[in-house]
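There's a structure below that I have some questions on.
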Amino acid sequence: MTTTPYDVLIIGAGASGLLCARECARGGLRTLVLEKEQMPGRKILVSGNGRCNLTNTRVAPSFYHGDARLLSSVLEQFPYTACRAYFEELGILLHEEEHGRIFPQTGKATAVLEPLKLATLESGAELKIAQQVQPLKRADFFTATTQTGETFRARHVVLACGSCAYPQAGGTTSGYELARSLGHHITKPLAALSGLCLKENLSRLAGVRAQVRLTAPNVQTEGEIIFTAYGINGPAALNASAVLSRLLQMAPVNITLDFLPHVANAEAFLTKRLQQFPDRKPKDFFAGVLHESITNLLIDFKGLRKNKPMREQFPSAVKQAFHTVLGWPVTVTALRPWNEAMVATGGVNLQEINYNTCESLLCPGLYVTGELLDVDGQSGGFNLHFAWASGFTTAKQLMRER
């Protein structure tokens with residue numbers, strides 16, 4: 001057992017843990033980070049398809065699910081401008097892509113992880129890898145024992161363990177278990193930012209991409225979807241998945257896909273097109289409007305006669321076809337498994353956390369950050385930003401208590 005307690009013990013060397021450790025150590029706090037994996041920051045490395053979408057110019061509480069007070073407080077303490085400046089000060093060249101997404105100029109996630117890890121160690125923080133914390137106890141000090149038999153004491157502990165999403169990159173339930181052992185309640189984790197499995201067999205569209213407006217109970221998203229053998233993926237599907245994951249706990253969920261989301265008064269547009277091209281056969285009529293494979297499925301689905309011009313089609317079939325283009329009905333039966341989920345809903349109950357500091361209201365001296373909290377964001381860099389922001393918020397409070 002260490003004789004002198006650390007000021008701060010951080011469990012987890014992911015996004016929130018590393019940033020928090022760096023800030024604590026360079027502020028003069030004796031800081032130790034324990035990481036259960038052989039490599040710190042594995043989820044950083046796989047984020048953004050290995051390119052690390054580390055933040056977004058549009059960061060705001062509206063892009064998240066979670067307690068609005070905590071989100072507002074944490075994001076105000078580390079807004080987009082502060083986040084960008086922070087990583088640029090680490091020597092990372094950044095650039096902006098569509099929808100406000102920020103990536104390293106190199107296009108590789110290592111360009112974010114390595115400078116952050118180096119800066120954390122250079123600040124004086126200690127990092128020990130392959131150290132899985134098993135019991136975590138609170139008396140005069142916190143005491144953490146690892147699977148190697150080593151024991152560490154600290155005045156404060158930060159749980160930065162992440163969620164159970166993406167287990168192949170280190171996702172685990174260990175953080176929930178540690179939080180529960182100190183009195184916290186866990187909202188059941190559910191997969192999010194994951195593909196949607198559909199009841200309907202749309203495998204003939206596998207690989208097709210389309211811009212859509214996806215509408216479901218309590219959520220509407222716009223953006224690209226990608227058809228797959230199991231259903232749909234892509235940003236519009238991912239950004240609806242957190243809400244759908246919760247709804248699926250009760251029953252399958254009916255959703256619609258509008259394939260003309262950016263056309264003003266799309267029904268009038270199609271009607272005018274019918275007047276303009278009455279002699280075109282269905283496949284030719286939708287050319288330039290729908291992907292050819294979607295058109296072929298629509299023709300079969302709605303019983304349009306392939307070899308007849310549109311003016312000779314049954315009016316009811318034409319009407320149904322137009323309505324389907326603007327609201328194709330499908331049924332979501334499940335989300336893809338945990339190894340495909342980029343984040344998790346659920347986590348430590350936010351009613352048990354001080355929303356200004358991320359400190360536990362049940363166990364003084366304990367802090368919880370990042371995805372271990374019951375917060376999840378849309379795709380586009382929002383989840384990583386919250387991890388950085390909650391780590392920064394925690395470090396800021398720990399510096400006040402030194």
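This structure is a prediction, so every number in the text was calculated from the model and none was measured.
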Starting from the C-alpha separation in whole Å, work towards a yes-or-no answer on side chain to side chain donor-acceptor pair (under 3.5 Å) for E340 and S194. CA-CA 6 Å; E340 297 181 31; S194 185; 5.3 Å; no
Will you find, in the side chains of Y80 and R84, an N or O donor that is under 3.5 Å from an N or O acceptor? yes
Could you check I353 against L361 for side-chain contact (heavy atoms from CB on, under 4.5 Å), going step by step and ending with a plain yes or no? CA-CA 5 Å; I353 300 295; L361 297 174; 5.7 Å; no
Using a distance-only test with no angle check, is there a side-chain donor-acceptor pair under 3.5 angstrom linking T31 and E126? no
Please confirm whether the backbone N or O of Q397 pairs with a side-chain atom of T357, one donor and one acceptor, at under 3.5 Å? no
For the atom pair CG (L398) and CD1 (I10), what is the distance rounded to the nearest 0.5 Å? 8.0 Å
With F392 as reference, evaluate F78, F386, Y367 under the ring pair (Phe, Tyr, Trp, His ring centres under 6.0 Å) test and give the passing residue. F78
So, does T145 use its side chain to make a donor-acceptor pair with the main chain of P135 at under 3.5 Å? no
With no hydrogens and no angle check, do the side chains of T331 and N254 hold a donor and an acceptor under 3.5 Å apart? yes
Taking the basic N atoms (NZ, or NE/NH1/NH2) and the acidic carboxylate oxygens, is any pair closer than 4.0 Å for R51 and E97? yes
Could you pull out the closest heavy-atom pair between W338 and P189, with the gap in Å? CZ2-O, 3.7 Å
Geometric cation-pi criterion R305 and F314, 6.0 Å radius, 45° cone: yes
Check whether NZ of the Lys or CZ of the Arg R209 lies under 6.0 Å from the centre of the six-membered ring of F227 and within 45 degrees of that ring's axis. no
I'd like to know whether N239 forms a side chain to side chain donor-acceptor pair (under 3.5 Å) with S379, so could you lay out the CA-CA distance, the side-chain angles of the two residues, the decisive distance to 0.1 Å, and finally the verdict. CA-CA 6 Å; N239 286 332; S379 66; 3.2 Å; yes
Side-chain contact, heavy-atom cut-off 4.5 Å: L205 with L297? yes
Nearest 0.5 Å, what's the CG-CD distance between L260 and Q211? 11.5 Å
Quick one about H65 and D376 (side-chain donor to acceptor, distance below 3.5 Å, no hydrogens or angles considered), yes or no? yes
Heavy-atom check, side chain of F87 versus side chain of L54, under 4.5 Å: yes
Heavy-atom closest contact (V208 atom, S293 atom, distance): CG2-CB, 4.0 Å
Does D300 form a salt bridge (Lys or Arg N to Asp or Glu O under 4.0 Å) with R204? I'd like the steps, not just the answer. CA-CA 12 Å; D300 294 341; R204 61 191 275 191; 3.1 Å; yes
Close side-chain approach of E401 to E359, heavy-atom, < 4.5 Å: yes
On a heavy-atom basis, the closest approach of A395 and E23 is CB-CB, 3.5 Å
Flag for Q131-E35: side-chain donor and acceptor within less than 3.5 Å: no
Between K43 and A165 (side chain of the first, backbone of the second, donor and acceptor by atom type, cut-off under 3.5 Å), is there such a pair? yes
Apply side-chain contact (heavy atoms from CB on, under 4.5 Å) to the pair T57 and E96, showing each step before the final yes or no. CA-CA 8 Å; T57 61; E96 180 180 340; 3.7 Å; yes
Taking every heavy atom of C83 against every heavy atom of T55, the minimum-distance pair comes out as SG-CB, 3.9 Å
Given side chains that start at C-beta, do those of P252 and V332 come closer than 4.5 Å, heavy atoms only? no
Audit row: L198, L202, side-chain contact (heavy atoms from CB on, under 4.5 Å) steps and yes/no: CA-CA 8 Å; L198 300 182; L202 302 181; 3.9 Å; yes
Find out whether E222 and H262 are in side-chain contact, i.e. whether some heavy atom of one side chain is under 4.5 Å from a heavy atom of the other. yes
Starting at CD1 of I225, measure out to CG of L196 and round the result to the nearest 0.5 Å. 9.0 Å
Sidechain-backbone polar pair: E88 side chain, L93 backbone, donor-acceptor under 3.5 Å: no
Is it true that K117 and E114 have a side-chain N and a carboxylate O under 4.0 angstrom from each other? yes
Scanning both residues in full, the closest heavy-atom pair of A179 with V348 reads CB-CG2, 3.7 Å
Got V46 and Y166 here, is their nearest side-chain heavy-atom distance under 4.5 Å? yes
Distance-only side-chain donor-acceptor flag, Q147 / K36, under 3.5 Å: no
Indicate yes or no: does R155 engage D7 in a salt bridge with an N to O separation below 4.0 Å. yes
To the nearest 0.5 Å, how far apart are CZ in R22 and CG in L118? 11.0 Å
Does A237 offer a backbone N or O that forms a donor-acceptor pair with the side chain of E224 under 3.5 Å? no
Does R153 reach the main-chain N or O of Y6 with its side chain, forming a donor-acceptor pair under 3.5 Å? no
Side chain to side chain donor-acceptor pair (under 3.5 Å) for E267 and T271? Distances and angles first, verdict last. CA-CA 6 Å; E267 190 167 357; T271 300; 5.7 Å; no
Mark yes or no for whether N383, through its side chain, and G377, through its backbone, hold a donor-acceptor pair below 3.5 Å. yes
Approximate separation, where rounding is to 0.5 Å, of N53 CG and F382 CZ: 8.5 Å
For a 4.5 angstrom cut-off between non-hydrogen side-chain atoms, does F142 reach L9? no
Pair N233-T228, side-chain donor/acceptor within less than 3.5 Å: no
Hey, does the side chain of T187 reach the backbone of G346 with a donor-acceptor pair shorter than 3.5 angstrom? no
Close side-chain approach of L34 and L32, heavy atoms under 4.5 Å: yes
Give a yes or no answer on whether the side chain of T143 reaches the backbone of K137 with a donor-acceptor pair at less than 3.5 Å. no
Does H99 have more than 12 heavy atoms from other residues, nucleotides or ligands lying within 6.0 Å of its NE2? no
Could you report the tightest heavy-atom contact between L136 and S181, atom names first, then the distance? O-OG, 4.0 Å
Would you check if there is a donor-acceptor pair between the side chains of T215 and Q220 at a distance under 3.5 Å? yes
Rounded to the nearest 0.5 Å, the CZ atom of F259 sits from the CG atom of L326 at a distance of 10.5 Å
Does K283 pair with E292 as a salt bridge, N-O distance under 4.0 Å? yes
Result of checking V74, D67, L71, L70 against P61 for side chain to side chain contact (heavy atoms under 4.5 Å, CB included): L71
Evaluate side-chain contact (heavy atoms from CB on, under 4.5 Å) for S360 paired with E352, printing each intermediate quantity in order. CA-CA 6 Å; S360 167; E352 301 168 355; 5.9 Å; no
For S390 and T369, does a side-chain donor sit closer than 3.5 Å to a side-chain acceptor? no
Got a donor-acceptor contact below 3.5 angstrom from the R101 side chain to the E98 backbone? yes
